[in-house]
> 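Sharing a structure below in structure tokens format, with a few things to ask.
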Amino acid sequence: MDNIGRRDHSQNVDSISIRVRFAPSPTGYLHIGGLRTALYCYLFARSQGGSLILRIEDTDRSRLVADAENDIVESLQWCGIEVDESPHKGGQYAPYRQSERQSLYLQYAKSLVDAGHAYYAFDPPEAIENLRKDHATYGIQTRHQMDNSLTMSEDLVNHRLESKQDYVIRLFVPENRTVSFDDRIKGKIEVESMMIDDQVLTKSDGMPTYHLANVVDDYLMGMTHVIRGDEWIPSTPKHILLYEAFGWEPPEMAHLPLILSPTGGKLSKRSANRQGIPLNVLDYRTLGYEPQAVVNFLAMLGWNPGTDQEVFDLVELEQQFSIDRVGSAPAQFDLKKLQWFNAQHLRRLNTNALIDKVRPPLTEQGVHLPDDDYLKQVCDLVRDRLEHVHDLGLHYRYCFEDPEEFDPVGIKKRWKPDSATLVEQYSDLIEGMDEFDEQTLEAGLRDLAQKHDIGAGRIIHPVRLAVSGTTAGPSLFALLKVLGQTTCVRRLRHAALQIES
RNA sequence: GCCGCGUUCGUCUAGGGGUUAGGACGCCGGCCUUUCACGCCGGUAACACGGGUUCAAAUCCCGUACGCGGUACCA
């Protein structure tokens with residue numbers, strides 16, 4: 001017992017530093033709620049100068065999803081959440097996959113039996129099913145009616161164990177105890193031990209249950225804080241009892257409120273789908289969201305800095321995060337707000353970063369990529385009206401290709417009988433320009449308008465329509481400048497002919 | 001059923017015995033402007049309900065309702 005996986009207390013620098021784990025079960029891809037838990041774990045660890053450990057809790061072999069672990073790792077990476085120790089990275093307390101630590105749990109469970117805090121139970125499933133018809137728990141009132149090492153002779157118990165009959169080890173939950181703990185987010189929580197089952201610690205397949213593995217690993221791996229979802233609150237008293245049985249000091253607990261669907265219910269696969277909310281983290285990548293925006297959005301769902309700042313990058317979050325400012329009420333997912341965050345982060349990108357972001361979706365949209373210099377000009381031209389990386393190819397395709405169609409509503413509204421003539425005259429003007437810049441373009445157009453004794457808008461609107469096919473867009477003269485002299489002339493002349501017919 | 005957690009504008013939230021209950025998203029209006037955005041200015045809208053305690057309650061206490069979670073050899 002003393003020589004297995006003992007926590008190393010000798011390095012006191014280590015033992016005072018904060019250690020937090022994110023401990024997902026690889027039964028599916030990492031979803032947005034799981035990511036928020038990971039994020040808060042990360043932010044807390046980083047803000048305290050501590051470490052984040054990724055531990056894979058794969059004790060349920062029947063629900064295991066083969067590539068879930070990879071998905072989890074990739075999701076965290078995409079968001080910039082770095083872990084200090086993990087199955088892939090290794091670390092002082094390896095292995096970090098619970099399936100690889102099986103023998104450890106068994107030994108600890110047996111030590112609990114030896115100390116009288118746990119017992120062997122041989123009841124077949126039907127017996128337990130029967131029990132639950134009349135009693136809520138397998139515990140204080142019922143354990144003495146069952147087949148276990150509390151009710152059977154030692155010889156018989158040994159015989160059963162030796163003949164490899166199925167058995168589980170159950171925790172002996174004490175009577176009349178008020179189990180309490182002080183949650184960093186929820187405050188003091190109390191539960192009567194009466195309400196708690198004699199928890200199964202090791203399953204008949206030899207695997208530990210979540211409760212055992214979790215407690216043993218959190219202890220062995222030196223966790224100082226357990227930060228996890230709300231749904232674990234009812235289990236925490238069981239864990240506290242386990243820590244007590246082992247004679248260990250429990251870590252600090254912090255239970256995060258859940259993320260709800262926009263209608264208030266549970267954010268399930270079905271509800272998310274119906275609301276158009278991507279559920280898996282990597283779906284957000286596929287859809288072209290900025291990881292920083294997703295992180296920012298999630299951080300603000302349940303936490304606030306106490307100031308008016310709301311746009312944060314990860315580093316700022318690390319600096320400002322405080323678990324004391326995490327709210328205790330669940331929060332509803334709001335896609336509109338995420339989109340706003342996305343726009344904020346996208347626009348803050350410098351031009352070089354922006355063109356990198358924008359190239360893949362453009363390619364996907366079948367746009368022939370121009371050279372970087374041109375792409376930069378386009379990005380700077382439209383960046384303030386970009387909400388999403390896809391918007392460039394979606395709404396500003398004319399920056400890359402001559403428009404093939406002209407908005408009929410726009411034509412009706414802006415194309416007058418004299419428009420074709422004016423557009424052609426302006427194209428002549430442009431063709432003859434030595435200086436091709438915004439000022440010259442504007443001055444030339446206004447001159448032309450004056451000559452015809454009309455408002456500048458009479459030319460501006462048809463020109464925009466001719467050059468872009470649409471009535472909305474960036475400043476016309478800036479647009480013309482970016483498009484370039486020959487493109488402008490070509491488009492204007494072509495449009496004058498086509499719209500006329 | 002039982003146990004636990006929660007409840008401030010539609011949404012995210014600040015505040016936490018005496019506030020015109022503040023901000024953000026969304027929505028609406030205005031300004032800017034050649035358009036559409038951006039930006040700026042303004043508007044809309046909230047303390048779940050009922051009892052206490054108190055000079056005073058959104059804030060503290062107790063109930064009720066509603067929501068969510070747990071009650072597994074799932075995590």
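Per chain, numbering begins at 1; letters A, B, ... match sequence-line order.
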> Using the C1' atoms only, state how far U64(B) lies from C41(B), rounded to an integer number of Å.
45 Å
> Can you identify which nucleotide, out of G39(B), G69(B), A37(B), has its nearest atom closest to the Lys266(A) side chain?
G69(B)
> Are Glu442(A) and Arg446(A) within salt-bridge range, i.e. N to O under 4.0 Å?
yes
> Just to be sure I understand the rule, does Thr202(A) reach a base, reach only the sugar-phosphate, or reach nothing, if contact means heavy atoms closer than 4.0 Å?
nothing
> Return each pair, listed once, that meets side-chain hydrogen bond (donor to acceptor under 3.5 Å, both in side chains) where at least one residue sits in residues 28-38 of chain A; pairs must be two or more places apart or across chains.
Tyr29(A)-Asp67(A)
> Whom does C66(B) pair with, Watson-Crick or G-U wobble, provided both distances fall under 3.5 Å?
G6(B)
> What does the B/S/- profile of nucleotides 1-6 of chain B look like, 5' to 3', with a 4.0 Å heavy-atom cutoff to protein?
-SSSSS
> Taking Ser193(A) for the side chain and Pro174(A) for the main chain, is one N or O donor matched with an acceptor at less than 3.5 Å?
yes
> Closest approach to the side chain of Ser475(A), judged atom by atom: which nucleotide of A72(B), U11(B), U35(B) is it?
U35(B)
> Under the rule for side-chain hydrogen bond (donor to acceptor under 3.5 Å, both in side chains), what residues qualify as partners of His390(A), not counting sequence neighbours?
none
> Can you figure out which of G39(B), C25(B), C73(B) approaches the side chain of Arg347(A) most closely?
G39(B)
> So what does Arg228(A) touch, heavy atoms closer than 4.0 Å: a base, only the sugar-phosphate, or nothing?
nothing
> What's the closest nucleotide to the Trp340(A) side chain, out of A75(B), A37(B), G26(B)?
G26(B)
> The side chain of Ile460(A) lies closest to which of these nucleotides: A75(B), U34(B), C38(B)?
U34(B)
> Classify Pro474(A) by what it touches in the nucleic acid, base, sugar-phosphate, or nothing, heavy-atom distance under 4.0 Å.
base
> Look at all strands and tell whether Arg383(A) reaches a base, only sugar-phosphate, or nothing, counting heavy atoms closer than 4.0 Å.
nothing
> Respond yes when some side-chain nitrogen or oxygen of Asn304(A) is under 4.0 Å from OP1 or OP2 of A14(B), and no when none is.
yes
> Phe122(A) ring centre to Arg160(A) NZ or CZ under 6.0 Å, with the angle to the axis within 45°?
yes
> Please work out if Arg325(A) contacts a base, only the sugar-phosphate, or nothing of the nucleic acid, heavy-atom cut-off 4.0 Å.
sugar-phosphate
> Hunt down the Watson-Crick or G-U wobble partner of A21(B), both distances under 3.5 Å, from any strand shown, or write none.
none
> Which of the following nucleotides, C74(B), U35(B), G15(B), is nearest to the side chain of Arg464(A)?
U35(B)
> Given A14(B), U11(B), C12(B), identify the nucleotide with an atom nearest to the side chain of Leu301(A).
C12(B)
> Of all the choices, C68(B), C25(B), C73(B), which nucleotide is nearest to the side chain of Leu258(A) once you look at every atom?
C68(B)
> Just to be sure I understand the rule, does Val200(A) reach a base, reach only the sugar-phosphate, or reach nothing, if contact means heavy atoms closer than 4.0 Å?
sugar-phosphate
> Tyr210(A) side chain: which of C38(B), U13(B), A75(B) is closest?
A75(B)
> Could you check Lys336(A) against Ser204(A) and say which one's nearest nucleotide on RNA chain B is further toward the 5' end?
Lys336(A)
> Please determine whether any donor N or O and acceptor N or O are separated by less than 3.5 Å between the side chain of Thr470(A) and the base of U35(B).
no
> Tell me what Gly473(A) touches on the nucleic acid: a base, only sugar-phosphate, or nothing, going by heavy atoms under 4.0 Å.
base
> Kindly point out which of U11(B), C74(B), U35(B) is positioned nearest to the side chain of Gln332(A)?
U11(B)
> Assess whether one donor atom and one acceptor atom, taken from the side chain of Arg63(A) and the base of C74(B), lie less than 3.5 Å apart.
yes
> Measure from NZ or CZ of Arg143(A) to the centre of the six-membered ring of Phe172(A) and say whether it is under 6.0 Å with the direction within 45° of the ring axis.
yes
> Could you tell me if the side chain of Cys488(A) sits less than 4.5 Å from the side chain of Leu483(A), heavy atoms only?
yes
> Check every strand shown and say whether Arg132(A) touches a base, only sugar-phosphate, or nothing at a heavy-atom separation below 4.0 Å.
sugar-phosphate
